[in-house]
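Here's the structure we're looking at; comments come further down.
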2 protein chains.
Amino acid sequence: MSEPEKQFADFLRSKGLKFTPERREILRKIFATHEHFDVETLFEKLKKGGERISLATIYRLVPLLIESGMIRQATRCEGHVTYEHVFGHKLHYHLVCVRCGKIIEFRDEGIERLLMQVCDKYDFTVIDHRLGVRGICSACREE
Amino acid sequence: MSEPEKQFADFLRSKGLKFTPERREILRKIFATHEHFDVETLFEKLKKGGERISLATIYRLVPLLIESGMIRQATRCEGHVTYEHVFGHKLHYHLVCVRCGKIIEFRDEGIERLLMQVCDKYDFTVIDHRLGVRGICSACREE
DNA sequence: ATTTACCTGAGAATGATATTCAATTACACC
DNA sequence: GGTGTAATTGAATATCATTCTCAGGTAAAT
């Protein structure tokens with residue numbers, strides 16, 4: 001059993017929930033790549049892979065994955081909600097190209113440090129934070 | 001005519017669109033305070049103010065307001081989309097309390113500077129950016 | 001074997017947002 | 001001040017993602 005599966009199975013067990021074959025398959029598809037995903041395309045992928053897992057099952061799994069800390073909602077782009085891995089994926093920020101949709105991820109410890117100073121100042125306990133930049137990537141600007 | 005009205009009227013004219021009484025009323029309600037808003041509560045406010053403006057009209061106006069640069073989508077909180085002023089409102093970031101929903105706004109030029117350096121590095125042209133921190137405010141932590 | 005709690009798929013329900021349509025209105029031009 | 005044209009409106013309807021309901025399944029605990 002892979003690392004993400006182990007962690008999630010533990011989480012489920014700790015809540016008295018079950019690690020069913022359906023849940024395993026969904027989890028596998030999600031962690032098969034490091035890409036962001038949304039429910040609809042995940043469902044399509046599973047269907048193409050020959051699985052007969054219903055949309056409802058995926059929708060029911062997502063909150064559990066979030067609660068377990070495996071994934072989180074990503075920077076929201078145009079309309080639908082997308083998710084990204086937390087497990088095995090360090091904190092990072094996004095540059096999102098509004099033309100081609102490409103997402104560049106980056107880290108910046110200076111920004112992190114400044115941000116924590118601000119939160120201290122306001123006596124604010126951080127759970128999570130995100131930074132997203134919308135703009136145009138160099139490739140699209142060339143055109 | 002107030003500043004926001006002037007700017008938006010100009011924008012509409014430049015696109016061959018009209019600054020109707022309905023649009024003026026909606027704009028006034030939006031800019032009557034500096035608070036974030038969502039379509040539903042805006043609709044309620046207008047109704048209480050005796051206006052008979054339909055939801056559809058508001059939904060149709062929002063994209064125009066965004067395109068004109070008057071407002072933008074704010075940090076998305078729980079479910080529904082909220083908007084905030086851009087006009088007359090300096091760049092800022094958010095601390096959002098997940099318990100009480102309070103939003104603390106702050107600025108930090110150090111973060112801005114570091115961010116611009118990153119974008120330079122990736123040769124990325126910035127249109128807009130946002131930084132949101134989810135967490136628990138001091139008042140809620142007391143409890 | 002029975003109980004109990006959890007899971008599932010299918011389809012119906014929901015709720016926010018978008019669209020259609022016929023009637024109305026604003027503005028440019030006469 | 002009329003008039004034509006394109007934009008705008010409200011109401012109702014449609015759409016779309018997401019959630020819920022329900023009627024079986026299933027696995028582990030008793």
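Nucleotide D/dT18 holds its P atom 6 Å from the OH atom of A/Y83, rounded to whole Å. Between the CZ atom of A/R24 and the P atom of C/dC7 there is a distance of 14 Å, rounded to whole Å. As rounded to whole Å, 14 Å separates atom C1' of D/dA17 from atom CD of A/E44. Per the geometry, CD belonging to A/Q73 stands 13 Å off C1' belonging to D/dA17, to the nearest Å. What separates CD1 of B/I58 from P of C/dA16 is a distance of 14 Å, to the nearest Å.
Note: B/F11 and B/F8 have parallel aromatic rings, judged against thresholds of 30 and 60 degrees for the angle between ring planes.
A 4.5 Å side-chain heavy-atom check between B/L95 and B/K102 finds every atom pair outside the cut-off. Put simply, the side chain of B/V81 does not reach to within 4.5 Å of the side chain of B/D38, judged on heavy atoms. A 4.5 Å side-chain heavy-atom check between B/R130 and B/H94 finds every atom pair outside the cut-off.
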Using a 4.0 Å heavy-atom cut-off to protein, can you give one letter per nucleotide of nucleotides 3-9 of chain D, 5' to 3': B if the base is in contact, S if only the sugar-phosphate is, - if neither? ---BSSB
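Between B/R13 and A/L55, the residue anchored closer to the 5' end of DNA chain C is A/L55, taking for each the nucleotide with the nearest heavy atom.
For the pair A/R23 (side chain) and A/K18 (backbone), a donor-acceptor distance under 3.5 Å is present.
In this structure, the ring of B/H89 has its center no less than 6.0 angstrom from the ring center of B/F31.
The phosphate of C/dA18 (OP1 or OP2) has no side-chain N or O of B/Y59 nearer than 4.0 angstrom.
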